[in-house]
Amino acid sequence: CTGGNHIIQPKDVVAPLRCVIRLATAQDEKTIAENRAKEKKAYDVCLQKIAEHQLDLRKLITVASLIEEESASAKESYKIASVIYNRLYNWGDNPAFLNIDAAIIYATGDAENIDTGIDSPYNTYINTGLVPGPISNPGRNSLDAALDPNSTNYYYYVYNPYAGEHLFAGSLYEQEQNINYINSLG
């Protein structure tokens, strides 16, 4: 065997079979080491962003799961993330209610009747802060949004079923205008 290849020819087969197994070369080892260094750097950046959002990994996944279930599209995910973080950290002296319907749907299993009065730790209308754990398995886009949300002054959003997307607002007054606009459409 030369050139880093081993040729294996199994015996006792009807048709000849030839497998070539390539052994790692010095260049391969260098590439593997470079990839590991890139992965470590990306991991360190990820940990830094998690810390910037005052979270641990479980809470980051919880935020990403809320984003996953609330977003109507991938591009909205980053705005939804912004609203969640603004409510968690920029609301003022009092913690804000996240008011996320998807968390109640998770708790009740009922998407038709959102009971905002249900006694559940997943009821973000009566409990401030994050829910106890993830409500779904978030995808890559939602994880990215949770790590790197848009920088906005949005605190509210409402789904516009006629457009298939959310309308965002920075104040309760703007939110009420958005709700009135949607109601005028139907």
Side-chain angles (χ1 to χ4, degrees), residues 46 48-186:
C46 180
Q48 179 183 355
K49 288 184 178 188
I50 290 171
E52 287 171 7
H53 294 300
Q54 303 170 33
L55 304 171
D56 57 28
L57 184 57
R58 179 176 173 79
K59 288 180 181 176
L60 176 86
I61 293 170
T62 298
V63 169
S65 74
L66 295 169
I67 295 165
E68 181 78 19
E69 295 304 313
E70 284 288 286
S71 299
S73 68
K75 71 177 186 172
E76 277 190 358
S77 299
Y78 295 85
K79 288 181 186 176
I80 298 281
S82 176
V83 170
I84 291 171
Y85 287 128
N86 285 343
R87 286 185 174 194
L88 286 173
Y89 305 121
N90 300 328
W91 193 259
D93 294 337
N94 299 318
F97 297 101
L98 293 180
N99 294 350
I100 294 180
D101 291 348
I104 294 175
I105 293 168
Y106 172 79
T108 64
D110 186 356
E112 299 299 318
N113 303 301
I114 308 295
D115 181 0
T116 59
I118 186 172
D119 183 21
S120 168
Y122 287 89
N123 185 345
T124 57
Y125 285 81
I126 63 173
N127 299 301
T128 58
L130 285 177
V131 295
I135 64 169
S136 70
N137 187 17
R140 173 70 187 263
N141 186 71
S142 295
L143 289 165
D144 287 345
L147 283 171
D148 197 19
N150 287 153
S151 179
T152 72
N153 292 319
Y154 296 141
Y155 289 88
Y156 303 92
Y157 56 89
V158 61
Y159 183 68
N160 179 350
Y162 304 102
E165 62 186 14
H166 288 87
L167 299 176
F168 294 85
S171 69
L172 184 57
Y173 175 76
E174 291 173 5
Q175 174 75 345
E176 289 169 351
Q177 285 184 318
N178 287 339
I179 291 169
N180 290 336
Y181 168 71
I182 293 168
N183 288 338
S184 74
L185 298 175

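The first residue in the sequence is number 1, and the count goes up from there. Please read all numbers here as calculations on a predicted model, not as lab measurements.
Listed here is the closest heavy atom pair of Leu147 and Lys49: O-CD, 3.6 Å. Nearest approach of Ala74 to Asn141, heavy atoms of both residues: O-ND2, 3.0 Å.
Judged as a side chain to side chain contact (heavy atoms under 4.5 Å, CB included), and not counting sequence neighbours, the contacts of Gln48 are Glu52. With sequence neighbours excluded, the residues forming a side-chain hydrogen bond (donor to acceptor under 3.5 Å, both in side chains) with Asn90 are Asn86, listed by chain and number. For Lys75, there are no salt bridge (Lys or Arg N to Asp or Glu O under 4.0 Å) partners two or more places apart in sequence or in a different chain. By the side-chain hydrogen bond (donor to acceptor under 3.5 Å, both in side chains) test, Thr124 is found to be paired with no residue, residues two or more places apart in sequence or in another chain being considered. In this structure Asp110 satisfies the salt bridge (Lys or Arg N to Asp or Glu O under 4.0 Å) test with no other residue, sequence neighbours excluded. Partners of Pro132 under the side chain to side chain contact (heavy atoms under 4.5 Å, CB included) rule, at least two apart in sequence or in another chain, are Pro121, Tyr122.
At a threshold of 4.5 Å between non-hydrogen side-chain atoms, the residues Gln54 and Tyr89 count as touching.
The distance from the CD1 atom of Ile126 to the CD1 atom of Ile118 is 8.5 Å, given to the nearest 0.5 Å. Here CZ of Arg87 is found 13.0 Å from CG of Leu130. Values are rounded to the nearest 0.5 Å. Here Leu167 contributes atom CG and Ile182 contributes atom CD1; the two are 4.5 Å apart, rounded to the nearest 0.5 Å. Distance check: Tyr156 OH to Phe168 CZ gives 14.5 Å after rounding to the nearest 0.5 Å. Atom CG in Asp148 sits 11.0 Å away from atom OG in Ser82 (nearest 0.5 Å). Interatomic distance, CD of Glu68 versus OG of Ser77, reported as 7.0 Å (0.5 Å rounding).
Atom CG of Asn153 sits in a sparse spot, with 12 or fewer heavy atoms from other residues, nucleotides or ligands closer than 6.0 Å. Other residues, nucleotides and ligands place more than 12 heavy atoms under 6.0 Å from the CG atom of Asn183.
Side-chain atoms of Asn123 never come within 3.5 Å of backbone atoms of Ile104 as a donor-acceptor pair (strictly under, hydrogens ignored).
Residues in residues 160-179 take part in these side-chain hydrogen bond (donor to acceptor under 3.5 Å, both in side chains) pairs, two or more places apart or across chains: Glu76-His166, Tyr173-Gln177. Within the structure, side-chain hydrogen bond (donor to acceptor under 3.5 Å, both in side chains) pairs that include any residue of residues 126-140 comprise Glu69-Ser136, Arg140-Asp144 (at least two apart or interchain). Residues in residues 60-85 take part in these ring-ring contact (aromatic ring centres under 6.0 Å, His included) pairs, two or more places apart or across chains: His53-Tyr85. Listed by first and then second residue, the side-chain hydrogen bond (donor to acceptor under 3.5 Å, both in side chains) pairs involving residues 95-106 are Asp101-Tyr125 (not counting sequence neighbours).
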Show which side-chain atoms of residues 60-67 pair as donor or acceptor with protein atoms under 3.5 Å away, not counting sequence neighbours.
unit_1, atom_1, unit_2, atom_2, d
Thr62, OG1, Arg58, O, 2.9
Ser65, OG, Thr62, O, 2.7
Ser65, OG, Ile135, N, 3.0

